[in-house]
Structures are given as C-alpha cells and as structure tokens.
**Student:** 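Structure below; questions to follow.
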Amino acid sequence: TNKFKNSVGEWEDMTDEQRNAFSKLAGQKFSVKVNQWADSFKISRPTEDDLKDFKALLSDARREAKDQLFINGRYIGPTR
C-alpha cells in the first residue's frame with residue numbers, strides 16, 4: 001500500500017509518483033548515512049547495537065525524506 005504517517009501520526013495515501021519520489025529520496029539519504037557510519041568491521045561482524053544503529057539510520061532517512069516531500073500532509077515534491 002502507498003501510505004505514510006503524517007506529522008500527527010495519521011495514515012495518508014500516496015500516489016505512485018509520490019511513493020517513487022519518497023523511496024528514491026529515502027534511499028539516497030540512507031546511503032549517505034550508512035557510508036558515514038559503516039566500516040568493514042561493522043559490516044562483516046555486526047553486533048546487536050550495530051543492527052539497532054542500522055535500523056535507526058533507515059528510520060531517520062525515511063523521516064527526513066517524508067519531511068522534505070510532504071508539508072502538513074501535502075505533497076510538495078522532491079525540490080525544496
């Protein structure tokens with residue numbers, strides 16, 4: 001489904017265009033965050049804390065992408 005939680009925690013629908021823009025932007029932000037965080041040891045032998053950090057990075061990237069693409073539940077697009 002193409003839904004997201006708005007700033008007050010309510011679920012809203014996204015169009016396919018919005019979902020694609022969100023996925024692309026979140027992926028770009030996540031890639032930057034992981035590259036800054038990761039080193040070869042974390043990748044080859046992750047600890048429980050590393051996995052928690054990894055999940056937090058993904059969550060942060062998704063939140064930042066949503067905040068950039070939507071204001072007050074309205075889609076403003078990838079440029080801002």
**Student:** Looking only at heavy atoms, what is the nearest atom pair of K5 and K66, with distance?
**Tutor:** O-NZ, 2.7 Å

**Student:** Between D16 and R19, is there a side-chain N and carboxylate O pair less than 4.0 Å apart?
**Tutor:** no

**Student:** Kindly write out the residues that satisfy ring-ring contact (aromatic ring centres under 6.0 Å, His included) with F54, not counting sequence neighbours, or none if the list is empty.
**Tutor:** F30

**Student:** Assigning hydrophobic clusters by single linkage (Ile, Leu, Val, Met, Phe, Trp, Tyr; side-chain heavy-atom cutoff under 4.5 Å), is L58 placed with W37?
**Tutor:** yes

**Student:** Show the nearest heavy-atom pair for residues A26 and A61, with the distance to one decimal.
**Tutor:** O-CB, 3.6 Å

**Student:** Check step by step if side-chain contact (heavy atoms from CB on, under 4.5 Å) holds for M14 and F70.
**Tutor:** CA-CA 10 Å; M14 282 192 281; F70 296 88; 3.7 Å; yes

**Student:** One pair to check against side-chain contact (heavy atoms from CB on, under 4.5 Å): K33 and E64. What are the steps and the verdict?
**Tutor:** CA-CA 12 Å; K33 290 176 179 297; E64 290 172 13; 3.0 Å; yes

**Student:** At their closest point, which heavy atom of P46 faces which heavy atom of L51, and how far apart are they?
**Tutor:** CB-CD2, 4.2 Å

**Student:** When you measure from the side chain of D50 to the backbone N and O of T47, does any donor-acceptor pair fall under 3.5 Å?
**Tutor:** yes

**Student:** Tell me whether E17 at atom CD has more than 12 heavy atoms from other residues, nucleotides or ligands lying less than 6.0 Å away.
**Tutor:** no

**Student:** Is the centre of the F22 ring less than 6.0 Å from the centre of the F4 ring?
**Tutor:** no

**Student:** Of the non-hydrogen atoms in Q18 and D13, which two are nearest, and what is the gap between them?
**Tutor:** OE1-O, 4.1 Å

**Student:** Short question: side chain of S59, backbone of K55 - any donor-acceptor pair under 3.5 Å?
**Tutor:** no

**Student:** Rounded to the nearest 0.5 Å, how far does CG of L25 lie from CD of Q28?
**Tutor:** 6.0 Å

